[in-house]
Amino acid sequence: MRAEIVKMSADNLNIEAIRKAGTILKEGGLVAFPTETVYGLGGNALDPEASMKIYAAKGRPSDNPLIVHIAEMGKLSEIAAEIPEKAKLLAQKYWPGPLTMILPRAAVVPKETTGGLDSVAVRFPSDRIAQELIRAAGGFVAAPSANTSGRPSPTMAEHVIEDLGDEIDMIIDGGQVGIGLESTIVDFTEEIPVVLRPGYISLDMIKEVLGEVQMDRGLLITDSNVKPKAPGMKYRHYAPKADLTIVEGEMDAVIRAINTFAAEAVDRGTQVGIIATDETREKYPLGIVKSIGSREDEDSIGHHLFEVLREFDHCQVDAIYSEAFFTPRIGQAIMNRLLKAAGHKIISVSES
Ligand code: TXA
Ligand code: MG
C-alpha cells in the first residue's frame with residue numbers, strides 16, 4: 001500500500017492534512033477525495049503530466065477526458081473560453097452541486113486533461129472536503145471517479161483503497177458519499193443544451209431552468225452506430241464479475257421470474273445473487289439476496305447501487321438477477337448505470 005490514508009469529516013476538517021494534500025497536488029501527485037456524488041481521483045488540472053498519471057493509475061484510455069473541479073464561481077471564466085447565458089443560469093441554480101457543464105476550453109487547460117478535445121468539463125462540487133482541497137491545490141483539480149477503469153465508481157474510501165491504494169499518494173477518507181451516482185453532464189457547445197450523462201439532477205430539473213434541453217441520442221438508442229458524445233459513455237462500465245441480467249415488468253411477475261431463474265441455477269449447481277429492495281427481499285427464498293434500498297425512497301437506491309455491485313464481486317456467484325428501478329426522478333440515472341453493468345441484458349416479463 002503506497003497511499004497515505006487520512007480520515008476526516010465535513011464538520012471536522014483536518015486542515016493540516018488538506019494542506020498537505022494540496023501540496024501533493026501542486027507538485028504533480030495524485031490524491032483521492034470524497035465528493036457528494038462519488039470519490040474522485042484528483043490531479044492538478046493544469047499540469048499535463050498529472051493528467052497522464054491519472055489515466056495510467058486508472059488504466060483509462062487517454063482519449064476519455066477528465067472533469068475539472070473548481071471551488072469558486074469566479075474560476076470558471078479562467079478555464080472556459082466562453083460561458084453561454086444558459087450555462088450561467090444552470091450554474092446559478094445547481095452549483096455547487098452534482099452538475100458538470102461542457103464548455104469551450106480556454107488555452108490554459110492542457111489537451112491531456114480534455115482528452116484532446118476543444119471543450120472542457122467543469123464541476124463545482126458541494127462537498128466541503130472537496131472544496132477545501134481544491135482551494136489548497138490552487139483552484140483546478142482534474143478528477144475522474146476514483147475507480148479502476150471499468151469498475152463501479154467508489155462510494156466509500158474502502159473502494160478506492162481496493163482499486164488504487166498502490167497507485168496514488170493519498171486518500172482522504174470522508175466516509176460514505178451522499179448521492180452515490182456521478183454528476184449529470186450537460187453539454188453547452190451545441191445550440192440546444194444536451195444531457196450527456198443522466199444524474200441526480202434530472203432532465204426535468206434542467207428543463208425547468210433552461211426550457212429546451214435534449215438527451216444525447218447515443219444514450220437513448222441502442223444502435224451501435226450512434227456513439228454517445230461523452231467519450232466515457234461508450235465504454236463498458238460498472239460490470240460486476242458475475243453475469244448480470246435485469247428483469248423488468250409488473251412486480252409480482254418480476255419476482256416470479258427471478259425465483260424461476262434462481263431455481264434453475266440451483267439445479268445446475270451454481271450460486272445466484274439477487275438485487276432486491278426492502279419491500280421485496282423476503283420474497284426470494286433462494287440465492288444471495290441483497291437489498292439495494294427502498295422503493296419509497298429512490299435516493300436510497302442510487303446511494304447503494306455501486307456498493308451492492310461491488311459487494312457481489314466478493315460473493316461466489318456466477319449470475320446476478322436484478323429488479324429494474326425506473327423510479328420517477330433519478331430512475332433514468334440509476335437505469336443508465338445498471339444497464340451498462342448488465343451489458344444491456346434486460347428481460348421483460350408480464351403477468352400470465
Ligand atoms: O460526479 C462526478 O462527475 C465524478 C466526481 C469525482 O466529480 N467524476 C466523474 O468523472 O464521474 P469521470 O471521469 O468518471 O466521468 C466523466 C465523464 C466521462 O464520461 C467523460 O467522457 C465525460 O465526462 N467528459 C469529460 N469531458 C468531456 C468533454 N469535454 N466532452 C464530452 N464529455 C466529456
Ligand atoms: Mg468514471
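In each ligand, atom 1 is the first atom listed, and ligand 1 is the first ligand listed.
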**Request:** Give yes or no for whether the N/O distance cutoff of 3.5 Å, strictly under, is met between Arg123 and ligand 1.
**Result:** yes

**Asked** Does Lys58 approach ligand 1 within less than 4.0 angstrom via side chain, backbone, both or neither, non-hydrogen atoms only?
**Response** neither

**Fill in**
Checking heavy atoms under 4.0 Å, the part of Thr114 that sits near ligand 1 is neither

**Asked** Do the two ring centres, one from Tyr238 and one from Phe306, sit under 6.0 Å apart?
**Response** yes

**Item:** Heavy-atom neighbours of Lys111 NZ exceed 12 at 6.0 Å
**Value:** yes

**Request:** Please write down residue, atom name and distance for the protein heavy atom closest to atom 17 (C) of ligand 1.
**Result:** Ile185 CD1, 3.5 Å

**Message:** Tell me whether ligand 1 is touched by Ile102 - counting only heavy atoms on the residue side and a distance under 4.0 Å.
**Reply:** yes

**Prompt:** Among protein heavy atoms, which lies nearest atom 7 (O) of ligand 1, and at what distance?
**Reply:** His69 NE2, 2.6 Å

**Asked** Any luck finding a side-chain donor-acceptor pair between Ser183 and Thr37 under 3.5 Å?
**Response** no

**Complete:** Listing protein N, O or S under 2.8 Å around the Mg ion (ligand 2) gives Ser145 OG

**Contact atoms of ligand 1, heavy-atom distance to Ser119 under 4.0 Å** = 28 (C), 29 (N), 30 (N)

**Request:** Evaluate the side-chain proximity of Val6 to Asp173: yes if any heavy-atom separation is below 4.5 Å, no if none is.
**Result:** no

**Request:** Evaluate whether atom CD of Glu49 has more than 12 neighbouring non-hydrogen atoms of other residues, nucleotides or ligands under 6.0 angstrom away.
**Result:** no

**Prompt:** Has ligand 1 got any nitrogen or oxygen that is less than 3.5 angstrom from a nitrogen or oxygen of Arg197?
**Reply:** yes

**Request:** Tell me, please, which residues at least two apart from Lys290 pass salt bridge (Lys or Arg N to Asp or Glu O under 4.0 Å).
**Result:** Glu311

**Message:** Is a donor from one side chain sitting under 3.5 angstrom from an acceptor on the other, for Thr280 and Glu323?
**Reply:** yes

**Fill in**
atom 19 (O) of ligand 1 has as its nearest protein heavy atom Gly232 CA, 3.2 Å

**Fill in**
When Ser291, Pro240, Ser322 are each screened for side chain to side chain contact (heavy atoms under 4.5 Å, CB included) with Ile275, the one that passes is Ser322

**Request:** Salt-bridge test for Lys75 and Glu72: reply yes if a basic N is under 4.0 Å from a carboxylate O, no otherwise.
**Result:** no

**Per-atom contacts, ligand 1 versus Ser183 - under 4.0 Å to a heavy atom** = 1 (O), 2 (C), 3 (O)

**Asked** Which heavy atom of the protein is the closest neighbour of atom 14 (O) of ligand 1, given with residue, atom name and distance?
**Response** Ser145 OG, 2.9 Å

**ligand 1 to Glu182 polar contact by distance, N or O atoms, under 3.5 Å** = no

**Prompt:** What atoms of ligand 1 come within less than 4.0 Å of a heavy atom belonging to Ala230?
**Reply:** 21 (O), 22 (C), 31 (C), 32 (N)

**Item:** Residues Glu250, Arg256: salt bridge by 4.0 Å N-O rule
**Value:** no

**Request:** Number the atoms of ligand 1 from 1 as they appear, then name those within less than 4.0 Å of a heavy atom of Asn64, with their elements.
**Result:** 18 (C), 20 (C), 21 (O)

**NZ/NE/NH1/NH2 to OD/OE distance under 4.0 Å, Arg310 and Asp163** = yes

**Message:** Quick check on Arg105 - does any of its heavy atoms sit under 4.0 Å from an atom of ligand 1?
**Reply:** no

**Request:** Decide yes or no on side chain to side chain contact (heavy atoms under 4.5 Å, CB included) for Phe124 and Ile134, but give the supporting numbers first.
**Result:** CA-CA 10 Å; Phe124 180 171; Ile134 295 160; over 6 Å; no

**Asked** With only distance considered, is Lys229 within less than 3.5 Å of ligand 1 through an N or O on each side?
**Response** no

**Message:** Side chains of Glu162 and His314: any donor to acceptor distance under 3.5 Å?
**Reply:** yes

**Message:** For the NZ atom on Lys7, are there more than 12 heavy atoms of other groups (residues, nucleotides or ligands in this structure) within a distance under 6.0 Å?
**Reply:** no

**Request:** Check ligand 1 against Pro65 and write out every atom of the ligand that is under 4.0 Å from a heavy-atom position of the residue.
**Result:** 20 (C), 21 (O), 24 (N), 25 (C), 26 (N), 27 (C), 28 (C), 33 (C)

**Item:** Protein contact of atom 4 (C) of ligand 1 - nearest heavy atom, named by residue and atom, plus distance
**Value:** Val38 CG2, 3.8 Å

**Prompt:** In terms of atom number and element, which parts of ligand 1 are under 4.0 angstrom from non-hydrogen atoms of Pro231?
**Reply:** 21 (O), 31 (C), 32 (N)

**Message:** At less than 4.0 angstrom from any non-hydrogen atom of Ala143, what atoms of ligand 1 do you find?
**Reply:** 6 (C), 8 (N), 10 (O)

**Message:** Can you give me the closest heavy-atom contact between Ile83 and Ser77, atom names plus distance?
**Reply:** CD1-CA, 3.9 Å

**Asked** By number and element, which atoms of ligand 1 are closer than 4.0 Å to a non-hydrogen atom of Gly40?
**Response** 6 (C)

**Message:** Between the side chains of Arg337 and Glu182, is the shortest nitrogen-to-carboxylate-oxygen separation below 4.0 Å, so that they form an ion pair?
**Reply:** yes

